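To start, the structure itself, in structure tokens.
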Amino acid sequence: ITVYGDGSQTRCFGHVKDIVRGLLTVIDSDATIGEVVNLGNSGEISINDLAKRIIEKTNSKSKFKRKIF
């Protein structure tokens, strides 16, 4: 698994069904007109931890490969 940079950067991922459901709710609500809406997840994970989870969950023998610019 190639990790670009040092892998400490973090992201919050959401399931596409949840995001689409949220978008449809926002579109259908008059209360959101003119408002800023952030659809996301508070479960932040580093790219290093994500790669480790992928390896563990798939029982992979993959190794980390870092690409530093």
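Bear in mind that the values here come from a model prediction, so they are computed numbers and not experimental data.
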Salt bridge (charged side-chain N to carboxylate O under 4.0 Å, His left out) contacts in which one or both residues fall within residues 23-38, not counting sequence neighbours: none
Side-chain heavy atoms under 4.5 Å apart, restricted to Ile/Leu/Val/Met/Phe/Trp/Tyr: what other residues fall into the cluster of Val26, or is it alone? Ile19, Leu23, Val37, Leu39
Taking only residues two or more places apart in sequence, or in another chain, which ones meet Arg11 in a side-chain contact (heavy atoms from CB on, under 4.5 Å)? Gln9, Phe13, Ile47
For Ser42, the side chain to side chain donor-acceptor pair (under 3.5 Å) test, sequence neighbours excluded, returns none
Residues which pass side chain to side chain donor-acceptor pair (under 3.5 Å) with Thr32, listed by chain and number, not counting sequence neighbours: none
Side chain to side chain donor-acceptor pair (under 3.5 Å) against Thr58, all qualifying residues, sequence neighbours excluded: none
For the atom pair NZ (Lys67) and OG1 (Thr2), what is the distance rounded to the nearest 0.5 Å? 6.5 Å
Testing the basics here: between Ala51 and Val3, what is the closest heavy-atom pair and its distance to 0.1 Å? CB-CG2, 4.2 Å
I'd like to check the salt bridge (charged side-chain N to carboxylate O under 4.0 Å, His left out) partners of Arg53; sequence neighbours left out, ordered by chain and number. none
Mind checking what makes side-chain contact (heavy atoms from CB on, under 4.5 Å) contact with Asp49, not counting sequence neighbours? Ile45, Ser46, Lys52
Gap separating the CG atom of Asn48 from the OG1 atom of Thr10, nearest 0.5 angstrom: 11.5 Å
Please name all residues satisfying side chain to side chain donor-acceptor pair (under 3.5 Å) with Ser62, sequence neighbours left out, ordered by chain then number. Ser60
Cluster partners of Val16, using ILVMFWY side-chain heavy atoms under 4.5 angstrom, listed by chain and number? Val20, Leu24
At what distance, to the nearest 0.5 angstrom, does CD1 of Ile55 lie from CZ of Phe64? 4.5 Å
Sequence neighbours excluded, which residues qualify as side-chain contact (heavy atoms from CB on, under 4.5 Å) partners of Thr25? none
Does Asp6 use its side chain to pair, donor to acceptor, with the backbone of Ile68 at less than 3.5 Å? no
Kindly write out the residues that satisfy side-chain contact (heavy atoms from CB on, under 4.5 Å) with Lys57, not counting sequence neighbours, or none if the list is empty. none
